[in-house]
2 protein chains.
Amino acid sequence: MSTSVANAARSGSAGFSMPWLESAEITLSGPVLNFVAERRIFAEGDEARSYYKVISGVVRTCQFLSDGRRQIDAFYLPGDVFGFEPRPTHRLSAEAVSNCTVIAYRRRGPDTISAGDDRMVRHFFSYAMACLEQSRLHCLLLGRGSAAQKIAAFLLEMADRGDAPTIVDLPMSRQDVADYLGLTIETVSRTLSQMERDGTIALPTTRKVILRQRRVLEDLNA
Amino acid sequence: MSTSVANAARSGSAGFSMPWLESAEITLSGPVLNFVAERRIFAEGDEARSYYKVISGVVRTCQFLSDGRRQIDAFYLPGDVFGFEPRPTHRLSAEAVSNCTVIAYRRRGPDTISAGDDRMVRHFFSYAMACLEQSRLHCLLLGRGSAAQKIAAFLLEMADRGDAPTIVDLPMSRQDVADYLGLTIETVSRTLSQMERDGTIALPTTRKVILRQRRVLEDLNA
DNA sequence: CGTCTCCTTGAATTAGATCAATATGTGTGG
DNA sequence: CCACACATATTGATCTAATTCAAGGAGACG
């Protein structure tokens, strides 16, 4: 249960919905794949032949520096789509953060997205734009934010993407958070502890955060 | 000569070439506009009604933090296209770094890009993907790079985009470089000075850099 | 030749990293 | 259920890279 990449291989069909976009929903079908935590879905340099939709669990995409340090680009929660890249090979790698199920939509042959049908192109275009916007915000945070600003923005982002507005369930480790925010694990831990001491948040367990004073977090950034 | 935004208003025609893309060239026509250094082309929140191609000079796009700190997203050199955004209003602002001429292609009415013709959509899709890739690399640099790594990557990027492989003309100020790399002006200056002392680069003037040992710069990152 | 802006350099400070030591889980097998 | 091992987190004590504060220089331009 802890090592092999299970491939259910059950050919299913699912709506490729992307609720954060205004574009029409597109239905794609493809095999359902299961991955377990820390397992590679695709690696940098792999041929980019599928797009993926997260059904359950969480996925991260990341890049590596030569010295082994890692920058996480994004976390994908159930409903999110990832695996999109402009070139025939992946520039990012994708890994399961927790046990997860994804649907893979395999591109036919070596065609690129821009050779797909028109409706698809428009849909993917919107998606790419949304990614771009997110990436730019990430740049702003990485380039100019203090540790507290980064953590605050991260907590608010996770809260907005989750169900409850003040209860954040962190599916990823402190190391993942650190690599997403360009910090070290110790700084992440210390900053969270400090916020708890200040009464801004509560940490009932390591993976659960309660936003006690959302306003304070919001004020840190804008 | 130093304040007004001259608008030549001469309706011209020019190839919208994007040499870093493999997609077909698209010809657009629009008014030719001239901007002088430090002048706003569009601001965050402005209605996004045009795309722009740089004819001469350099443009920067940037975001601001509430405390006034700035993150420069990209520099656009002659031939580059910018001004593209997913939403009806700009999330970035664009300013002339030096005196520059841009061609504006005005979108007709309130239509979005995805309502344009198909060829255009494919073209813009490729462009958006290229932007995304660049933004992700920028994130890696901002999140995980040391000052020296950032400066080295920047110099190599500028060298690759310029004409001569070892002579880099910097059209922007040290402050601009700092805001692009998430550093302070002093750190940029010190790092460049140190590289000159090490014999890695030469600085004949403040705006000109000669790469004496390209290899050393390359080794800093990957 | 003075003024203004941009750049460089130095000294002091600090936020965050690094190094090191617990602590808190979390799962396993007895 | 407990005892152990192993993962992951927290906390503390330094250290350091980069920032901040503070002068000076070097060009550009009238």
Side-chain angles (χ1 to χ4, degrees), chain A residues 1-3 36-39 60 65 67-71 97-99 141-152 154 169-198 201-209 220, chain B residues 1-3 36-38 58 60 65 67-71 97-99 141-152 154 169-198 201-209 220:
Chain A
M1 188 262 201
S2 62
T3 50
V36 296
E38 307 302 321
R39 263 271 158 295
R60 64 173 178 242
L65 229 49
D67 56 14
R69 286 187 301 171
R70 184 179 66 162
Q71 177 64 48
V97 169
S98 59
N99 286 15
L141 202 63
L142 289 172
R144 291 301 180 196
S146 66
Q149 286 176 319
K150 289 174 177 181
I151 295 283
F154 175 70
D169 249 301
L170 299 177
M172 72 291 287
S173 68
R174 294 285 188 268
Q175 185 64 63
D176 282 334
V177 176
D179 288 344
Y180 180 65
L181 298 175
L183 297 171
T184 59
I185 184 176
E186 293 96 332
T187 300
V188 171
S189 192
R190 267 188 258 274
T191 306
L192 286 171
S193 299
Q194 185 58 49
M195 283 175 171
E196 186 174 37
R197 257 173 266 131
D198 297 344
I201 63 172
L203 294 162
T205 75
T206 54
R207 298 294 183 100
K208 194 183 284 281
V209 184
L220 269 174
Chain B
M1 187 261 204
S2 62
T3 49
V36 296
E38 308 302 321
V58 178
R60 63 174 179 242
L65 229 48
D67 57 14
R69 287 190 299 171
R70 184 180 64 163
Q71 177 65 48
V97 169
S98 59
N99 286 16
L141 202 63
L142 289 171
R144 291 302 181 193
S146 65
Q149 286 176 319
K150 289 174 175 178
I151 296 284
F154 175 71
D169 250 302
L170 299 177
M172 71 291 286
S173 69
R174 293 286 188 270
Q175 185 64 62
D176 283 332
V177 176
D179 288 345
Y180 179 65
L181 298 175
L183 297 170
T184 59
I185 183 175
E186 294 96 331
T187 300
V188 171
S189 190
R190 268 188 260 273
T191 306
L192 286 171
S193 298
Q194 186 58 49
M195 284 176 171
E196 185 174 37
R197 258 174 264 129
D198 297 343
I201 63 172
L203 295 162
T205 75
T206 52
R207 298 294 183 99
K208 193 184 284 279
V209 184
L220 269 174

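Letters A, B, ... mirror the listed sequences (proteins, then strands); counts begin at 1.
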Worksheet item: Donor-acceptor pair, B/Ser98 side chain versus B/Val58 backbone, under 3.5 Å?
Response: yes
Tabulated below should be each protein N or O lying under 3.5 Å from an N or O of nucleotides 10-16 of chain D; please produce it.
residue : atom : partner  : partner atom : Å
D/dT10  : OP1  : A/Arg174 : NH2          : 3.1
D/dT10  : OP2  : A/Arg174 : NE           : 2.6
D/dT10  : OP2  : A/Ser189 : OG           : 2.8
D/dT10  : O5'  : A/Ser189 : OG           : 3.0
D/dT11  : OP2  : A/Ser193 : OG           : 2.4
D/dG12  : N7   : A/Arg190 : NH1          : 2.9
D/dG12  : O6   : A/Arg190 : NH2          : 3.3
D/dA13  : N6   : A/Arg190 : NH2          : 3.4

Discussion item. Over all strands shown, is B/Arg207 touching base, sugar-phosphate only, or nothing at heavy-atom distances under 4.0 angstrom?
Written reply: sugar-phosphate
Response to the item:
For B/Leu181 and B/Leu141, the nearest pair of non-hydrogen atoms, with its separation, is CD2-CD2, 4.0 Å
Worksheet item: Would you say B/Arg144's side chain and A/Arg70's backbone share a donor-acceptor pair under 3.5 angstrom?
Response: yes
Item to complete: Heavy atoms of chain B, cut-off under 4.0 Å: which first and last nucleotide of DNA chain C, 5' to 3', fall inside that, if you could look?
Response: C/dC7 to C/dA11
Worksheet item: If we only count heavy atoms from C-beta on, is the A/Asp179 to A/Gln71 side-chain gap below 4.5 Å?
Response: no
Listing, residues 183-190 of chain B side-chain donor-acceptor contacts under 3.5 Å, not counting sequence neighbours, or none:
residue  : atom : partner  : partner atom : Å
B/Thr184 : OG1  : B/Thr187 : N            : 3.3
B/Thr184 : OG1  : B/Thr187 : OG1          : 3.0

Worksheet item: To the nearest angstrom, how far is A/Arg69 atom CZ from D/dA17 atom P?
Response: 12 Å
Worksheet item: Is B/Lys208 close to B/Leu170 at the side-chain level, that is, under 4.5 Å between some pair of heavy atoms?
Response: no
Discussion item. Measure CG/B/Leu142 against C1'/D/dA18 and give the value in whole Å, please.
Written reply: 15 Å
Worksheet item: With B/Arg69, which residues qualify under side chain to side chain donor-acceptor pair (under 3.5 Å), at least two apart?
Response: A/Gln149, B/Asp67
Worksheet item: Touch check for A/Thr205, heavy atoms < 4.0 angstrom, all strands: base, sugar-phosphate only, or nothing?
Response: nothing
Worksheet, complete the sentence: When the rotation axes relating C1' atoms of four end pairs to the next four are compared across the helix from C/dC1-D/dG30 to C/dA23-D/dT8, five pairs an end, they differ to 10° by 40°
Worksheet entry | Test side chain to side chain donor-acceptor pair (under 3.5 Å) applied to B/Gln194 - qualifying residues, sequence neighbours left out | B/Arg197, B/Asp198
Practice prompt. Decide, for D/dA7, between syn and anti: a glycosidic angle within 90° of 0 counts as syn, anything else as anti.
Written response: syn
Worksheet entry | Length of the line joining B/Leu181:CG and D/dA18:C1', which is rounded to integer Å | 14 Å
Worksheet entry | Atom pair distance, as rounded to whole Å: CZ in A/Arg144 and P in D/dA18 | 13 Å
Worksheet entry | Beyond-backbone contact of B/Met195 with B/Leu220, side-chain heavy atoms, under 4.5 angstrom | yes
Worksheet item: With sequence neighbours left out, what residues match B/Arg174 under side chain to side chain donor-acceptor pair (under 3.5 Å)?
Response: none
Practice prompt. Evaluate the salt bridge (charged side-chain N to carboxylate O under 4.0 Å, His left out) criterion for residues A/Asp176 and A/Arg60: first the C-alpha distance (whole Å), next the side-chain angles of each, then the deciding distance (0.1 Å), finally the verdict.
Written response: CA-CA 9 Å; A/Asp176 282 334; A/Arg60 64 173 178 242; 2.9 Å; yes
